[in-house]
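Remarks on the structure that follows.
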Amino acid sequence: MELGAFKTAVDDWLDEHARVLVPSFEGIGTLDEQMMQLRKVMRLTYDAGFMRMGWPERVGGLGGSNLLRAYLGEVLTARDLVEPGIYSMPEVLAPTMIDYAPEALAAAMVPRLLRGEEIWCQGFSEPGTGSNLASLACRAIRDGDSWRINGQKVWTSLAQYAQRCVLLTRTGTPESAHRGITALFVDMDAAGITVRPIETMHGAREFCEVFFDDVLVPGDRVLGEVDRGWSIAMDLLPYERSTALWHRASYLQRRLVQLLDVVPAGTLDPTAVGEATQLLWAFRARSRATQRRLAAGETLGAETSVDKVLVATAEQTVFDLVADGLGAAVAIGDDPVSRRWRAEFLYSRAATIYGGSAEVQRNIIARRLLDLGADR
Ligand SMILES: Cc1cc2nc3c(=O)[nH]c(=O)nc-3n(C[C@H](O)[C@H](O)[C@H](O)COP(=O)(O)OP(=O)(O)OC[C@H]3O[C@@H](n4cnc5c(N)ncnc54)[C@H](O)[C@@H]3O)c2cc1C
């Protein structure tokens, strides 16, 4: 289906089903409520065919360009039907499954993710291993036809809801760095996995510590090749910085407009409003080009670090404006609307950390895009 026709079909369908799609909670809701809402919207849009558009037929999709997925997430977010961070997880993890999992596994699993029947999580970071991912220590050793895993992950978003995890493990020697990493697709109900949610400063238990004690994973759950998991991680991270961020910009745009609607006239510095608007549109222009490059079949890489820096800067500038404009409500307001602004303001501080910190993105831009060299 062409993008124009898809947009019309989606918009009409959303209008028609507005009453059933709308969240049952006010404000930001609890994370449990958001997850229930996410599952509902994914199931309904999948069954209507829209969620399947833009994904390959071999994993239950209906084919077509990734631009269709970009639009669906954009409009669901713009209508406040889903929270973009949790909605966009398939954009991060499904392409990895499609590219690297055994064909039958991808065909069986991806539809469950797209229909909201399953949640998946991304087990990369560890205590002491974030930016320097190549130092990860969570160990996988061969045990007959299986892999036996011991170690810990941290900051694993939504692990307490997840049925599966794309897990990076150390299969080489501790010194093997990026050469001795293997990616595994792990069932989260396997014996020996303990998940402990961590509360963030915005009051949600969104990410978790995950412990692996002698967890057995079947040998056919290796993604790609043994000891070659680094290339999977490097291929996955640009996805985290492409369509998912396009969806996020749609949410930022909506919140900026809502702020301008409610803030008393004369409260905001017009220059600050102009700056936030300009940053947001600069990001959208950049991300639009990224979506088009994906649609043209290009492989994304280090240049998506620019997208990440731009969106994180825009997000924090928008929510700085929220704090300036709504002051006391953001700081101490106790109604659902104020609680939502406050939670979002606090969460915006994480934008320069998750998906690769701003400093590390700037290093990548300097070294890999501008060729400025490691020591200059
Ligand atoms: C909301 C949220 C959700 C997340 N979800 C997940 C998830 O689902 N799965 C997952 O695996 N991880 C997740 N993470 C973890 C995230 O990927 C890491 O926090 C991030 O990569 C940074 O790693 P770190 O926290 O270990 O910080 P560190 O790498 O220890 O960095 C600490 C500070 O030092 C700076 N720094 C580090 N190295 C350099 C350098 N070479 N040059 C200049 N500055 C440097 C960093 O920019 C940062 O300011 C999440 C994080 C957040 C905040």
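First listed ligand is number 1; within each ligand, the first listed atom is number 1. The figures that follow rest on heavy atoms only: side chains count, while hydrogens, waters and symmetry mates do not.
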Could you list the atoms of ligand 1 found under 4.0 angstrom from a heavy atom of [X]?
| X | result |
| --- | --- |
| S157 | 3 (C), 4 (C), 5 (N), 6 (C), 7 (C), 8 (O) |
| I353 | 19 (O), 20 (C), 53 (C) |
| F124 | 11 (O) |
| E359 | 43 (C), 44 (N), 46 (C), 47 (O), 49 (O) |
| Q122 | 7 (C), 8 (O), 9 (N), 10 (C), 11 (O) |

[X], any N or O under 3.5 Å of ligand 1 N or O:
| X | result |
| --- | --- |
| W155 | yes |
| T156 | no |
| S357 | yes |

- Message: Using 30° and 60° as the class boundaries, would you call the ring planes of F50 and F6 parallel, tilted or perpendicular?
- Response: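 Rings of F50 and F6: perpendicular, as their planes differ by over 60°.
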Under a 3.5 Å threshold, yes or no: a donor from one side chain and an acceptor from the other, between [X] and [Y]?
| X | Y | result |
| --- | --- | --- |
| T30 | D32 | no |
| Y251 | E344 | yes |
| Y347 | E206 | yes |
| D11 | Y71 | yes |
| R170 | S176 | yes |

- At their closest point, which heavy atom of S135 faces which heavy atom of T129, and how far apart are they?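 Closest heavy-atom pair between S135 and T129: OG-OG1, 3.1 Å.
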- Query: For K308 and G356, which heavy atoms make the closest approach, and how far apart are they?
  - Reply: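 Minimum heavy-atom contact is NZ-O, 3.2 Å.
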Exercise check, heavy-atom protein proximity under 4.0 Å to [atom]:
| atom | answer |
| --- | --- |
| atom 33 (C) of ligand 1 | no |
| atom 46 (C) of ligand 1 | yes |
| atom 42 (N) of ligand 1 | yes |

- What do we get for N363 next to ligand 1 when only non-hydrogen atoms under 4.0 Å count, side chain, backbone, both or neither?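 Side chain only.
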- Message: If you apply the rule side-chain hydrogen bond (donor to acceptor under 3.5 Å, both in side chains), what do you find for Q291 with S287, and how did you get there?
- Response: CA-CA 6 Å; Q291 308 314 311; S287 184; 3.1 Å; yes
- Query: Which of the listed options, S131, G130, A162, holds the heavy atom that is closest to atom 28 (P) of ligand 1?
  - Reply: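 Comparing heavy atoms across S131, G130, A162, the nearest one to atom 28 (P) of ligand 1 lies in S131.
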- Side-chain contact test, heavy atoms from C-beta onward, threshold under 4.5 Å: evaluate it for E74 versus W246 and give yes or no.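 In contact.
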- Value rounded to 0.5 Å, distance of CG in L326 from CZ in F319: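 It is 10.5 Å, given to the nearest 0.5 Å.
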Among all protein heavy atoms in this structure, tell me which lies nearest to [atom], with the distance rounded to 0.1 Å.
| atom | value |
| --- | --- |
| atom 52 (C) of ligand 1 | Y354 CB, 3.5 Å |
| atom 36 (N) of ligand 1 | V360 CG2, 4.3 Å |
| atom 16 (C) of ligand 1 | S125 OG, 3.8 Å |
| atom 1 (C) of ligand 1 | Y347 OH, 3.5 Å |

